[in-house]
Asker: 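Quick one: structure below, then a few questions.
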Number of protein chains: 2
Amino acid sequence: MTKKTKEAAAPALPLNSILDGDCIDIMNSLPECSVDLIFADPPYNLQLKGELHRPDNSKVDAVDNDWDQFESFKRYDEFTHAWMTAARRILKPNGAMWVIGSYHNVFRMGTELQNQGFWILNDVIWRKSNPMPNFRGMRLTNAHETMIWVSKTEKSKPTFNYEALKALNEGTQMRSDWVLPICTGHERLKNEAGDKAHPTQKPESLLHRVLVGSTNPGDVVLDPFFGTGTTGAVAKMLGRDYIGIEREAEYRAVAKKRLAKIRKFDNEALEVSQSKRAEPRVPFGQVVERGMLRPGEDLWSVNGRHKAKVRADGTLIAADSKGSIHQVGAACENAPSCNGWTYWHYRRDGKKVPIDLLRQQIRSEMRAN
Amino acid sequence: MTKKTKEAAAPALPLNSILDGDCIDIMNSLPECSVDLIFADPPYNLQLKGELHRPDNSKVDAVDNDWDQFESFKRYDEFTHAWMTAARRILKPNGAMWVIGSYHNVFRMGTELQNQGFWILNDVIWRKSNPMPNFRGMRLTNAHETMIWVSKTEKSKPTFNYEALKALNEGTQMRSDWVLPICTGHERLKNEAGDKAHPTQKPESLLHRVLVGSTNPGDVVLDPFFGTGTTGAVAKMLGRDYIGIEREAEYRAVAKKRLAKIRKFDNEALEVSQSKRAEPRVPFGQVVERGMLRPGEDLWSVNGRHKAKVRADGTLIAADSKGSIHQVGAACENAPSCNGWTYWHYRRDGKKVPIDLLRQQIRSEMRAN
DNA sequence: CGTTCATTTGAATCGCCGT
DNA sequence: TACGGCGATTCAAATGAAC
């Protein structure tokens, strides 16, 4: 199905399919450490109150319902604990998870995430541009939902496409509050009666931002509460593999039909802006070795206040310091650190040119090979 | 001090004063069911490691106070349980409480509130208009804090001044996300050395909205983590009675001095929360996220001479350049700058349409609220 | 006195790699 | 695993000096 080779002899994942059943059982049947990202939109209205029994079958005091509350929360916490435990097992060591909820359940989810050792990366507010108003005027308009983005452990190195999200935000750093419209119009799936197919269908724009920001093409994205398959739809468009789990046949049918129509964007469109951190490292010594700068040549600081001389081994010597381009730059500025590549300049034709230009030349030569 | 007659023979409350000591002990010494509103801004339990420097090498003045240090989540939960229990006892049956926090602590607070039988009315997002950025580009900008607004019980009938908040919001229903600036400038209190008197002083505009919305004149407002007394200052301006509890002598001194200067019904203070409405900036990435243009789709320049392809992160790729709609437009025209919104066009029904039309659609959706 | 520009600052879980 | 070197990384708002 995919051309990717799986590590070791792990059982093959059921990629790009919708699995029928309880998500806890299904996740427990999948190989551990095999999934890159989980997006989870669990139910919060479990309607557990009808099933409640006190151990001694005594009647619940109608005046003080605290006990009732507690029992209901306890059931919900058990459910949350169970599915998060199953989810955590199948996540790769550097895997990450997003959960979404409202004030009814999100605090309990956040607490359980922390208790299990997930590491919170950000909480993100989906600020709805067109929320349902509060008709009775009894409360504030509930105009947002909360997402919690976690990595499997504190030590994990989850995918974060910083530059791509920055580009999505027209050049400024993406914030933790996202203004996006709710799912309406053509995007909102209808059943045969013409009613909405699912009560809480999420907009594709929300998943687009999540997946562009925290996955790469070819990653495996699992959604344990698949519903009508928004996660799968956006994953497919973006060239990620998806696994959906959904126990309601009606939702599975809608999702299957939806996904069959989705086409992947072409590869060029899927490339996103890369961080400089992904570029190969170039030692400054190479600049000297290649004769782009000559030993003995002077470099000037970006502000023009400091001067240093290039030595044959690729180190610099200034009035009060010697060492790497970074060390001497930091010493000149009396700063804790310094990027020597952008700090130091050389002169050509009377102009000051950053030495970073030379590094870019070397890198483009490296790419040509 | 006040003309209100207290019910029954309850001991008099220490109104409009700052109490010295641990808030749990002090609250336990106050009469039960005597306070209308509690605003609580407890330590967030930030878990900061080393120092952090900005790209310009200046050092970030972080919250490193002893009062924010906890050994473990367990210890923090014990602390939270204790102060919330004490707070609940002194609340009137129809009383309410606001707590504020970040992702470090807010989930644990929300869980404890629910466990104790508090009833969540709304969670409210304070969207900071000028947050501190993420300097290392490792995460999303942490641009918000979360407040949880609860009543003492599910049966409580807490004060909610719907019309007043609607008026504050230019005539439309107040939403659960509040855009307000952080506390800076003259409002930010300084100590004698000229440094900030408290690391986490809240803006008066935030408390103004809280107190206008959920208290009436003459109500008793208690703040167990008083700090430099923003809650007391706004309560006094608005004609509410305050009780502050603060165990740090330095903060008490600053608050006392501050409160002495406050006058009730200061019109200038009432204007604080009025926000000016500017044309919102719309990143081109939102057009892509919302599916108004699809990754891979072609755009044409206004003169028809250049073509570019849309990528998933909202950047364009043309024959010789890639980047934002503005950058690629400028490159195509070999111009220093270019307004991509009017330069680039897409095709619909054989006609060329400027992408600015899509931006106008998004803006009109945003205005609709 | 108004405009412009440089400087400062804010609740922050803020790196990766090789030795 | 602790340490040190490389080298990547910031936005909005307010202040205050300069013009």
Side-chain angles (χ1 to χ4, degrees), chain A residues 114 118-123 149-151 154-155 157 160 162-163 166 169 171-176 274-285 314-315 323-327 329-330 335-344 355-356 359, chain B residues 41-65 67-70 73 100-106 126-146 179-188 190 194-196 198-203 225 227 278 281:
Chain A
Q114 290 180 311
F118 286 101
W119 189 246
I120 299 183
L121 303 169
N122 277 112
D123 60 336
W149 176 30
V150 295
S151 58
E154 182 178 354
K155 300 269 183 270
K157 299 180 198 312
F160 179 50
Y162 174 75
E163 291 292 340
K166 191 171 170 181
N169 198 32
T172 52
Q173 197 170 79
M174 185 68 80
R175 301 168 38 121
S176 58
Q274 289 296 323
S275 165
K276 279 187 208 160
R277 279 186 269 257
E279 296 278 339
R281 281 176 56 164
V282 176
F284 177 69
T315 59
S324 74
I325 54 173
H326 315 294
Q327 290 167 335
S337 69
C338 172
N339 183 344
W341 290 106
T342 51
Y343 181 76
W344 293 110
I355 60 174
D356 198 39
R359 182 170 63 162
Chain B
D41 181 11
Y44 286 10
N45 188 24
L46 302 183
Q47 293 146 57
L48 308 180
K49 308 239 160 74
E51 293 185 344
L52 177 64
H53 293 87
R54 296 184 175 80
D56 67 1
N57 277 318
S58 64
K59 186 168 168 287
V60 173
D61 185 10
V63 179
D64 55 0
N65 308 65
W67 49 254
D68 197 45
Q69 302 297 318
F70 292 82
F73 283 135
I100 183 168
S102 65
Y103 67 80
H104 308 84
N105 68 326
V106 79
W126 170 26
R127 304 171 64 209
K128 302 179 186 181
S129 54
N130 53 345
M132 177 151 61
N134 186 295
F135 297 113
R136 306 295 295 268
M138 300 306 294
R139 297 286 177 265
L140 304 172
T141 307
N142 224 314
H144 73 275
E145 293 186 27
T146 301
V179 181
L180 296 169
I182 57 177
C183 183
T184 58
H186 294 303
E187 191 186 329
R188 188 83 193 210
K190 306 286 193 298
D195 301 319
K196 54 190 176 191
H198 191 283
T200 71
Q201 185 183 342
K202 296 293 176 288
F225 308 97
R281 197 174 61 96

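All chains are named by letter (A, B, ...) in the order of the sequence lines, taking the proteins before the strands, and each is independently numbered beginning at 1.
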Asker: Looking only at the aromatic ring of each residue, does the gap between the centers of B:H198 and B:W67 stay below 6.0 angstrom?
Answerer: yes
Asker: Under 4.0 Å, heavy atoms only, any strand: does B:S129 hit a base, just the sugar-phosphate, or nothing?
Answerer: sugar-phosphate
Asker: Verify side chain to side chain contact (heavy atoms under 4.5 Å, CB included) between A:E163 and A:Q274, making sure each step is shown before the conclusion.
Answerer: CA-CA 6 Å; A:E163 291 292 340; A:Q274 289 296 323; over 6 Å; no
Asker: So does A:G340 get a backbone contact from the side chain of A:H326, meaning a donor-acceptor N/O pair under 3.5 Å?
Answerer: yes
Asker: Any chance you could lay out the side chain to side chain contact (heavy atoms under 4.5 Å, CB included) test for B:K202 and B:E145, step after step, and finish with the verdict?
Answerer: CA-CA 11 Å; B:K202 296 293 176 288; B:E145 293 186 27; 3.8 Å; yes
Asker: Classify A:R175 by what it touches in the nucleic acid, base, sugar-phosphate, or nothing, heavy-atom distance under 4.0 Å.
Answerer: nothing
Asker: Report yes if a donor N or O on one partner sits less than 3.5 Å from an acceptor N or O on the other, where the partners are the side chain of A:S337 and the base of D:dA8; otherwise report no.
Answerer: yes
Asker: Give one of base, sugar-phosphate or nothing for B:D41, where a contact means two heavy atoms less than 4.0 Å apart.
Answerer: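 The answer is base, as B:D41 lies within the cut-off (heavy atoms under 4.0 Å) of a base atom.
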Asker: Across the strands shown, which category fits B:D68 at heavy-atom distances under 4.0 angstrom: base, sugar-phosphate, nothing?
Answerer: base
Asker: Just how far, in rounded Å, is P of D:dT15 from CD of B:E187?
Answerer: 11 Å
Asker: Please determine if B:K196 and B:E187 form a salt bridge, counting it only when a charged side-chain N lies under 4.0 Å from a carboxylate O.
Answerer: no
Asker: Would you say D:dG7 has OP1 or OP2 under 4.0 Å from some side-chain N or O of A:H326?
Answerer: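 Yes, within the criterion.
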Asker: With a 4.0 Å cut-off on N to O distance, would you call B:D195 and B:K190 a salt bridge?
Answerer: no
Asker: Would you classify B:G50 as touching base, sugar-phosphate or nothing, given that sugar-phosphate means primed atoms plus P, OP1 and OP2, and contacts are heavy atoms under 4.0 Å?
Answerer: base
Asker: Using the six-membered ring wherever Trp is involved, compare the ring planes of A:F284 and A:W341 and label them parallel, tilted or perpendicular (cut-offs 30° and 60°).
Answerer: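 A:F284 and A:W341: perpendicular rings.
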Asker: How is B:E145 classified with respect to the nucleic acid when contacts are heavy atoms under 4.0 Å: base, sugar-phosphate, or nothing?
Answerer: base
Asker: Indicate, with a heavy-atom threshold strictly under 4.0 Å, whether B:P203 touches base, sugar-phosphate, or nothing.
Answerer: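 Touches nothing.
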Asker: Measure the distance from CG on A:N339 to C1' on D:dC6 and round it to the nearest whole Å.
Answerer: 9 Å
Asker: Taking 4.0 Å as the cut-off, does a side-chain nitrogen or oxygen of A:S324 come that near to OP1 or OP2 on D:dC6?
Answerer: yes
Asker: Find the distance B:K49:NZ to D:dT1:P and express it as a whole number of Å.
Answerer: 15 Å
Asker: Could you check how far CH2 of A:W341 sits from P of D:dG5, rounded to whole Å?
Answerer: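 My rounded result for the distance is 18 Å.
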Asker: I need the CE-C1' distance between A:M174 and D:dC11, as an integer number of Å.
Answerer: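 Interatomic distance, CE of A:M174 to C1' of D:dC11: 14 Å.
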Asker: Could you tell me whether A:L121 contacts a base, only the sugar-phosphate backbone, or nothing, with contacts defined as non-hydrogen atoms closer than 4.0 Å?
Answerer: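 A:L121: no heavy atom of the nucleic acid under 4.0 Å.
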Asker: With DNA chain C as reference, determine whether A:R277 or B:D56 sits nearer its 5' end, using the nearest nucleotide of each.
Answerer: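 Counting from the 5' end, the first nearest nucleotide belongs to B:D56.
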Asker: Look at all strands and tell whether A:E279 reaches a base, only sugar-phosphate, or nothing, counting heavy atoms closer than 4.0 Å.
Answerer: nothing
Asker: Can you list every stem that DNA chain D is part of, counting only runs of 3 or more consecutive Watson-Crick or G-U wobble pairs with both distances under 3.5 Å?
Answerer: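 DNA chain D forms these stems: C:2-10 with D:11-19, C:15-19 with D:2-6.
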Asker: At 4.0 Å (heavy atoms only), tell me whether B:P181 reaches a base, stays on the sugar-phosphate, or touches nothing.
Answerer: nothing
Asker: Within this structure, what is the CD-to-C1' distance between A:E163 and D:dA8, rounded to whole angstrom?
Answerer: 10 Å
Asker: Please check the phosphate of D:dT10 (OP1 and OP2 only) for any side-chain N or O of A:Y162 closer than 4.0 Å.
Answerer: yes
Asker: Looking at every strand, decide which applies to A:K166 at a 4.0 Å heavy-atom threshold: base, sugar-phosphate, or nothing.
Answerer: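 Sugar-phosphate contact only - A:K166 comes under 4.0 Å of backbone atoms but never of a base.
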Asker: Of B:L46 and B:M138, whose nearest nucleotide on DNA chain C comes first from the 5' end?
Answerer: B:L46
Asker: Chain B on DNA chain C: first and last contacting nucleotide, 5' to 3', under 4.0 Å to a heavy atom?
Answerer: C:dT9 to C:dG15
Asker: For D:dT10, does either OP1 or OP2 sit under 4.0 Å from a side-chain N or O belonging to B:H53?
Answerer: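 Answer is no, no contact under 4.0 Å.
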Asker: For atom P, what is the distance between D:dG7 and C:dT13, given to the nearest Å?
Answerer: 27 Å
Asker: Just checking B:N142: base, sugar-phosphate only, or nothing, at a heavy-atom cut-off of under 4.0 Å?
Answerer: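 B:N142: backbone/sugar contact only, no base atoms under 4.0 Å.
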Asker: Using a heavy-atom cut-off of under 4.0 Å over every strand shown, decide if A:S275 touches base, sugar-phosphate, or nothing.
Answerer: sugar-phosphate
Asker: Reckon B:T184 has a side-chain N or O less than 4.0 Å from the OP1 or OP2 of D:dA12?
Answerer: no
Asker: Would you mind reading off the distance between B:R54 atom CZ and D:dA12 atom P, rounded to a whole angstrom?
Answerer: 15 Å
